[in-house]
Every structure is written in C-alpha cells, then in structure tokens.
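Taking it in order: structure first as structure tokens, then the write-up.
Remember, it's a predicted structure, so these values are computed and weren't measured experimentally.
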Amino acid sequence: MAAVFLHKKRKARLEQGHPWVYKSEIERVDGEIEPGQLVPVQTHLGQYLATGYYNEASQITVRIVSYKPLEAMTKEFFVERFTRCLQHRKRFVKDAQSYRLVYGEADFLPGLIVDKFEDTLVVQLLTMGMDRCREQIVAALVQVMKPTGIFERSDVSIRELEGLKQTKGLLYGECPKHVDILENGLRIRVDIEEGQKTGYFFDQRENRAAIAPLMTGWGHRSGIELKEIEGEDGVSQTLPVNANGKVVSFPYWDGASVLECFSHTGSFTLNACKFGAKKVTCLDISEHAIESARTNVALNGFEERVEFVVADAFEYLRTQVKGLDERKVRANAGSGKAKMDTSKPVAEGGRTWDVVILDPPAFAKTKSAVEGACRGYKDINLHGMKLVNEGGYLVTASCSYHMHPELFLETIHAAATDAGKILRLIEFREAGMDHPRILGVDEGHYLKFAIFEVRSK
C-alpha cells in the first residue's frame, strides 16, 4: 500500500494540527501514487499520523483531510463536511443569506473555497486533490445547500503550481451573472463571473460595520450645535443650529467626510453612508470597480453623498498631501513667516477628510516580496494619515499573510513617526466569523484591520 514517511528530524507541525506536508519534510514514498490520490502519512518509524491527498508537483506535497484512515473523498464525505460548515455559519453569521461557506484548511477541506451568494454558490477548486473530486463536491453541495446554481471560479494562478489549468464556468443549474446580496442591511450587486476572486470579499463584513462610531459626531467642527427652538405654534424642538443661528436642514450635518481608497465594490463607502457619513470619496484605479461601486451606491440611494474617483491611490494621496503642504507654506508666507511666490496658481489637491480608509490588495504574495510590501504599506499609510483632520481616524488593513501583525503595526508606526503624527490604536481586528482560523496555522492569519485616532505632535 502506498504511504508517505516523514523525516525523523522534521518539526512536529503535523502533530500540532498544521494540515500541510512540504516536500522537504518527506523522507520517502512507498508505492506508486497518482497526483491527487489519498495517502496515509506516517512517521519515520511507521506510526500513522493523518491522511491527505498527494501531489508531487507541488511544494506542499500532501494536504491533510483526515486524522483517521480514509480511503476516498466520497460524496458522503463531503456531505458530512459541508453540513458542519453550514452549522458553523448558521451559529455565527446569523440572519445572513450570503457568506463564505467553505474556507479551505480552516474547514478541514484544503484547496476548496465555496462562497454562498443567496441561492447561488461559487466554487474554487485550487488543488489537484480537490479538482479530482469535483463531481462529488457538486453532488454534495446540491444535497446540503439546495442551490439554484453552482458556478466555478477556478481562474486563479495558484492552480498552475499544482499542474492544473485555470478554468471557470457553470457546474450546476442556472447562475445569473449578477447576484444581489444583503450585507449589514445593505444591498450589494456581485458579479460572480468577472468580479475579483469569487466576486466579493466576505472577510471584512464585521470590520465594515466596525466603522459605525466614526461616522457621526463631527457637526461641532462646523460650529453646529443642537438647540431648543420654539416654533410658531409655541412648541419647542431640538434642532441643529449653525454659528449664524440658522437651523441646518441637511440631515447628515453631524456626519464625517470620508475617503475610501481601493474601494473595489464600494463596500466601506456603503457602510459609511449607512452609518451617517456626510460625504464619501470612493476611489479605485479600476473603472470596472468604480462602476460596480456606483451601482451599489445607487441600489442603496446614497448617490447624493458619494463622489467617485478613478485614480491610482498612491498618486492620489501624494497629490493631496503635496497640495496640502503648499497651502500651509502659502498661509505662512501670507503671515510673513516664510517666503513664497503667491502669484503662481495653487497646486492641485490639498483636501482632507475626517476618516481615511485604506483597504489595499495584497502587496506581499511571497516571502521575498515583504520588503517591497513594507515600503508600499508605509507609503500609503504615511500619506493617508497626513490627510486625516486633527483628531480624525485612519482605518487601515492588510490582507498579505507574509505581512505579520507585528510587522504591520511597526510599519504604520514608522509612517506615523515620519509624518509627525501620534496614533492611538482604537481597535484591531481580523477576518470575520465565516473565516475561522486553526490555531498554529499562521497562513490563515492573513487579514489585519486597525482603527487609529490621528493626532499631530
């Protein structure tokens, strides 16, 4: 019988619950093993540890699916696993009809991702072992979830490391190109065929809702206060009044001004508006992404409070900071503190916001890319915090696994030092409850999300 034997002097990662066996950890392989086939994994002495599927073409040569002997990943096997996945989501993602149903290794199904968009499922088969089981996976999903359709989005480069071609298409039933979902009470239109990855990122659901306290409480900066005003009928009402004593009719007078960079579908913009933001600038380099965001903003009736910008976030932030710096120099020149030719036109930019949100794509997809990623994260956070009004908030995230939490915070701290800012950490969060994490599997600890108050020195 075929089996994989591990080196005597390897680290005991498998015994500690890590589901990957690297090629360098394997001492020998007994018997002939087909790519994707299940094999028992044993110590150098022949003691059974676990069962996983094998692929010699991958550096992650064995991915563990069971800690008991298992002959095949049958439909019944997947039915049992999917049922557990569903139970977890029903417990922790209550009242939601759209969420991540299967999260690979964290759901003991390495190489498989399943996202649920209302009655439509989107599947990613990332490895040879899972690709071999596509019929069993589809049949089990139909039995457990009873979807109207299942669409495959295995058009990702990681499959090529497994010796597989990228692919996408209909697997079962009927799937519309766009599916409208509800998240945090907001309508979002998801493009399951052309959207990034499976079409939408569920991992920030709770983090998007966490910005709620930042969106109101800003009216006093404009000199607006709540006062008792007596009406013509003699009845008093508590109304917002500006510094000139006039009643303010704009309903979002107490809301924040917000900049969201790397907006994708505009999900943070939507939550900002829901929680009372006065004005939101929604920015992404992709015209397709901005069109998606524009659609979602319209679906929720927030058009009057959102402006859209198609631009490179790095360049946009630098332009605003440059304009801000020039205005400061001009102001000092006008007071006689500095010399400057004020006859020249004012540079573009110079805007500031109460809240700046930075949710970039992964800058470090490999360990070797960490140094460059640090420069990227430092750059956007340095410029972002410079554009936050005094006492406002920087909301910043990283989805790069190789950018560990400590390094992420160190990088932001370095940016604050260079920017002359003091940051007060208000909240630090990770991925949502439909993205569980197995302790000891650091690869699952990819998302970092932080809210900082920004003060000048």
Side-chain angles (χ1 to χ4, degrees), residues 1-82 84-85 102-114 123-141 152 154-167 171 366-367 438 440-444:
M1 182 179 178
V4 169
F5 292 83
L6 304 182
H7 283 294
K8 178 181 180 180
K9 295 184 178 180
R10 67 183 171 86
K11 292 182 180 179
R13 297 183 319 111
L14 188 55
E15 290 88 336
Q16 294 168 0
H18 202 291
W20 294 352
V21 177
Y22 288 98
K23 187 169 292 188
S24 59
E25 297 176 296
I26 297 174
E27 178 184 89
R28 73 179 194 276
V29 175
D30 284 1
E32 295 293 326
I33 307 176
E34 295 180 7
Q37 178 184 330
L38 288 181
V39 290
V41 179
Q42 303 179 3
T43 67
H44 68 289
L45 296 175
Q47 178 186 2
Y48 173 83
L49 295 174
T51 297
Y53 57 79
Y54 181 91
N55 187 0
E56 188 178 16
S58 174
Q59 289 299 313
I60 305 172
T61 309
V62 183
R63 297 177 191 257
I64 302 303
V65 296
S66 175
Y67 293 94
K68 296 179 180 179
L70 181 68
E71 292 186 3
M73 292 191 288
T74 61
K75 173 189 170 184
E76 291 68 30
F77 165 84
F78 285 108
V79 165
E80 186 269 335
R81 292 291 170 93
F82 293 155
R84 280 200 222 167
C85 292
V102 180
Y103 182 39
E105 283 79 355
D107 281 308
F108 309 101
L109 290 166
L112 179 62
I113 301 292
V114 182
V123 173
Q124 281 188 328
L125 305 170
L126 304 175
T127 55
M128 181 69 75
M130 286 300 170
D131 196 77
R132 280 176 46 134
C133 296
R134 63 174 55 236
E135 290 184 9
Q136 295 92 323
I137 290 169
V138 170
L141 284 173
E152 181 177 5
S154 301
D155 51 337
V156 287
S157 60
I158 193 172
R159 277 175 61 93
E160 296 169 8
L161 300 176
E162 292 273 320
L164 296 167
K165 293 181 179 179
Q166 296 188 35
T167 183
L171 293 179
T366 62
K367 192 173 183 179
I438 295 176
V441 184
D442 292 337
E443 290 82 356

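Here the straight-line distance linking atom CD of Gln124 with atom CG of Asp155 works out to 7.5 Å at 0.5 Å rounding. Between the CD1 atom of Ile60 and the CD atom of Glu25 there is a distance of 10.5 Å, given to the nearest 0.5 Å. Rounded to the nearest 0.5 Å, atoms CG (Leu14) and CG (Leu49) are 5.0 Å apart. Note that CG of Leu6 is 15.0 Å distant from NZ of Lys11, once rounded to the nearest 0.5 Å. Expressed to the nearest 0.5 Å, how far OG1 of Thr127 lies from CD of Glu162 amounts to 5.5 Å. We find the CZ-CG distance between Phe82 and Asp107 to be 9.5 Å, quoted to the nearest 0.5 Å.
Side-chain contact check for Leu109 versus Phe77: some heavy-atom pair is nearer than 4.5 Å. Two residues are said to be in side-chain contact when any heavy atoms from C-beta on lie closer than 4.5 Å; Asp30 and Arg28 meet this criterion. Two residues are said to be in side-chain contact when any heavy atoms from C-beta on lie closer than 4.5 Å; Val102 and Ile113 fail this criterion. Ile26 has its side chain out of reach of Val41: every pair of non-hydrogen atoms, C-beta onward, lies at least 4.5 Å apart. Counting only heavy atoms from C-beta outward, the side chains of Arg81 and Met73 never approach each other to under 4.5 Å. Residues Pro35 and Glu56 are not in side-chain contact: their nearest non-hydrogen atoms beyond the backbone lie 4.5 Å or more apart. Using a 4.5 Å cut-off on side-chain heavy atoms (C-beta onward), Trp20 and Ile64 make no contact. Thr167 places a side-chain heavy atom less than 4.5 Å from the side chain of Arg159.
Between the Ser154 side chain and the Leu125 main chain, a donor and an acceptor come within less than 3.5 Å of each other. Put simply, the side chain of Tyr54 never gets that close to the backbone of Ala3: no donor and acceptor are under 3.5 Å apart. Panel note: side chain Tyr53, backbone Val65; no donor-acceptor pair is recorded below 3.5 Å. Formation of a donor-acceptor pair under 3.5 Å by the His7 side chain with backbone atoms of Lys9 is not found in this model. Judged by distance alone, with hydrogens and angles left aside, the side-chain atoms of Asn55 form a donor-acceptor pair with the main-chain N or O of Ala57 at under 3.5 Å.
The minimum heavy-atom distance linking Pro40 with Thr51 is given by the pair CA-OG1, 4.2 Å. Nearest heavy atom pair, residue Met128 against residue Gly163, reads CE-O, 4.4 Å. Nearest heavy atoms, Tyr67 versus Gly17: OH-O, 3.6 Å. Of all non-hydrogen atoms in Glu443 and Tyr22, the two that sit nearest each other are OE2-OH, 3.9 Å.
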side-chain contact (heavy atoms from CB on, under 4.5 Å) between Leu126 and Leu164, intermediate numbers included: CA-CA 9 Å; Leu126 304 175; Leu164 296 167; over 6 Å; no
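Among residues two or more places apart in sequence or in another chain, the salt bridge (Lys or Arg N to Asp or Glu O under 4.0 Å) test is passed with Glu80 by Arg84.
Listed by first and then second residue, the side-chain hydrogen bond (donor to acceptor under 3.5 Å, both in side chains) pairs that reach into residues 36-46 come to none, sequence neighbours excluded. Within the structure, every pair that satisfies the salt bridge (Lys or Arg N to Asp or Glu O under 4.0 Å) test and touches residues 31-45, not counting sequence neighbours, is listed here: Glu34-Arg132.
For CD of Glu15, the number of neighbouring non-hydrogen atoms (other residues, nucleotides, ligands) closer than 6.0 Å is greater than 12.
Glu105 and Arg63 are joined by a salt bridge, as a carboxylate oxygen and a charged side-chain nitrogen come within less than 4.0 angstrom of each other.
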